[in-house]
Amino acid sequence: MLKRLIVAIDGPAGSGKSTSAKLIAKKLGFLYIDTGAMYRAITYLAIENNVLQNNDAIIQLAKNAGLDLEFNNGETHVYTNGKEITDKIRTREVNSKVSDISKIEGVRKALVDRQRELAEKNNGIVMEGRDIGTVVFPNADVKIFLTASIDERASRRTKEYEEKGVHISLEEIKSNIEQRDKIDSTRDVSPLVKALDAIEVDTSNISIQEQVDIILRVIQQKVNKK
Ligand code: DC
């Protein structure tokens, strides 16, 4: 019998990570962790504290942020030292700065430590990000790498923002995603790459239900083998 099961879902923005990770966690009763929300939180704190140009100060913020994630009503609620900042981390400004903050080694170290800590007490975890299968949990039981065409990803993100009442043009979102893809995949520390043993799923032309079913089948096969 499997004692603990870790599902790592990586991929670029808009590839379907959050949507499928949330549904899978719900279906299996697992803890869902959105690590992008943590990098966004540190970016927000760096902007608020006016230290965007000071890497040492940003690393200190990451170490002392007291980050907590709480998932309810389909949304990740983010707290820093007890104060909720959920609606502050998905702004245009955070979007444009988060990839640069995510390049800083000390920030990544602090957040990876916290991610492992958050996962510790749970037997079933679905964690999504860019480096979960490569760095955070290189021994994850299931590793999925989602991809989709840039046009499809930009159009999904635009719709998500529209639903939240945030109006950002498709062109602006597309260019932000392209820029983040480039920085995220070429940075020196833990770049966005597919782990050698990850299963790649292109979600451009499949439904959410199909994505979820594919991942659930991979998980089931893993459980059967143990
Ligand atoms: O998943 P997201 O788009 O909310 O992530 C925002 C940024 O955070 C992303 O462009 C790169 C960074 N990130 C990262 O470097 N490592 C992770 N595990 C998750 C996100």
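As the structure is a computational prediction, the values presented were derived from the model and not from experiment. Computed over heavy atoms, backbone and side chain alike; hydrogens, waters and symmetry mates excluded.
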[X] bridged to [Y] by N-O distance under 4.0 Å:
X	Y	value
Lys83	Asp68	no
Arg108	Glu105	no
Asp113	Lys109	yes
Glu162	Lys159	no
Asp100	Lys97	no
Lys222	Asp141	no

Taking [Y]'s backbone N and O only, do any of them form a donor-acceptor pair with [X]'s side chain (distance below 3.5 Å, no angle check)?
X	Y	value
Arg187	Ser190	yes
Lys143	Pro138	yes
Asn176	Asn95	yes
Asp34	Glu75	no
Lys17	Leu146	no
Arg130	Pro191	no
Thr80	Gly66	no
Asp10	Phe145	no

Does the side chain of [X] come under 3.5 Å of the side chain of [Y] through a donor N or O and an acceptor N or O?
X	Y	value
Gln220	Asn224	yes
Glu93	Thr91	no
Arg156	Thr203	yes
Asp202	Ser204	yes
Ser149	Glu152	no

Is [Y] reachable from [X] through a run of hydrophobic residues whose side-chain heavy atoms are each under 4.5 Å from the next?
X	Y	result
Ile24	Ile208	yes
Ile42	Ile104	yes
Ile33	Val107	yes
Leu69	Ile101	yes
Leu61	Met38	yes

Min side-chain heavy-atom separation [X]-[Y] under 4.5 Å:
X	Y	value
Val189	Lys103	no
Tyr32	Lys26	no
Ile132	Ile9	no
Thr35	Leu111	no
Ser20	Val212	yes

For the atom pair CD1 (Ile89) and CD1 (Ile47), what is the distance rounded to the nearest 0.5 Å?
-> 11.5 Å
What distance separates Leu67 CG from Tyr39 OH, expressed to the nearest 0.5 Å?
-> 10.5 Å
Shortest non-hydrogen contact between Asp181 and Ala13, atoms and distance | OD1-N, 4.3 Å
Which residue pairs satisfy the side chain to side chain donor-acceptor pair (under 3.5 Å) criterion with at least one member in residues 47-59, sequence neighbours excluded?
-> none
For Ser207 and Glu210, what are the C-alpha separation, side-chain angles and deciding distance, and is it a side chain to side chain donor-acceptor pair (under 3.5 Å)?
-> CA-CA 5 Å; Ser207 68; Glu210 282 169 313; 3.3 Å; yes
For Asp188, look at atom CG and say whether over 12 heavy atoms of other residues, nucleotides or ligands are found less than 6.0 Å away.
-> no
Which of these passes side-chain contact (heavy atoms from CB on, under 4.5 Å) with Leu5: Ile125, Val126, Val223, Leu28?
-> Val223
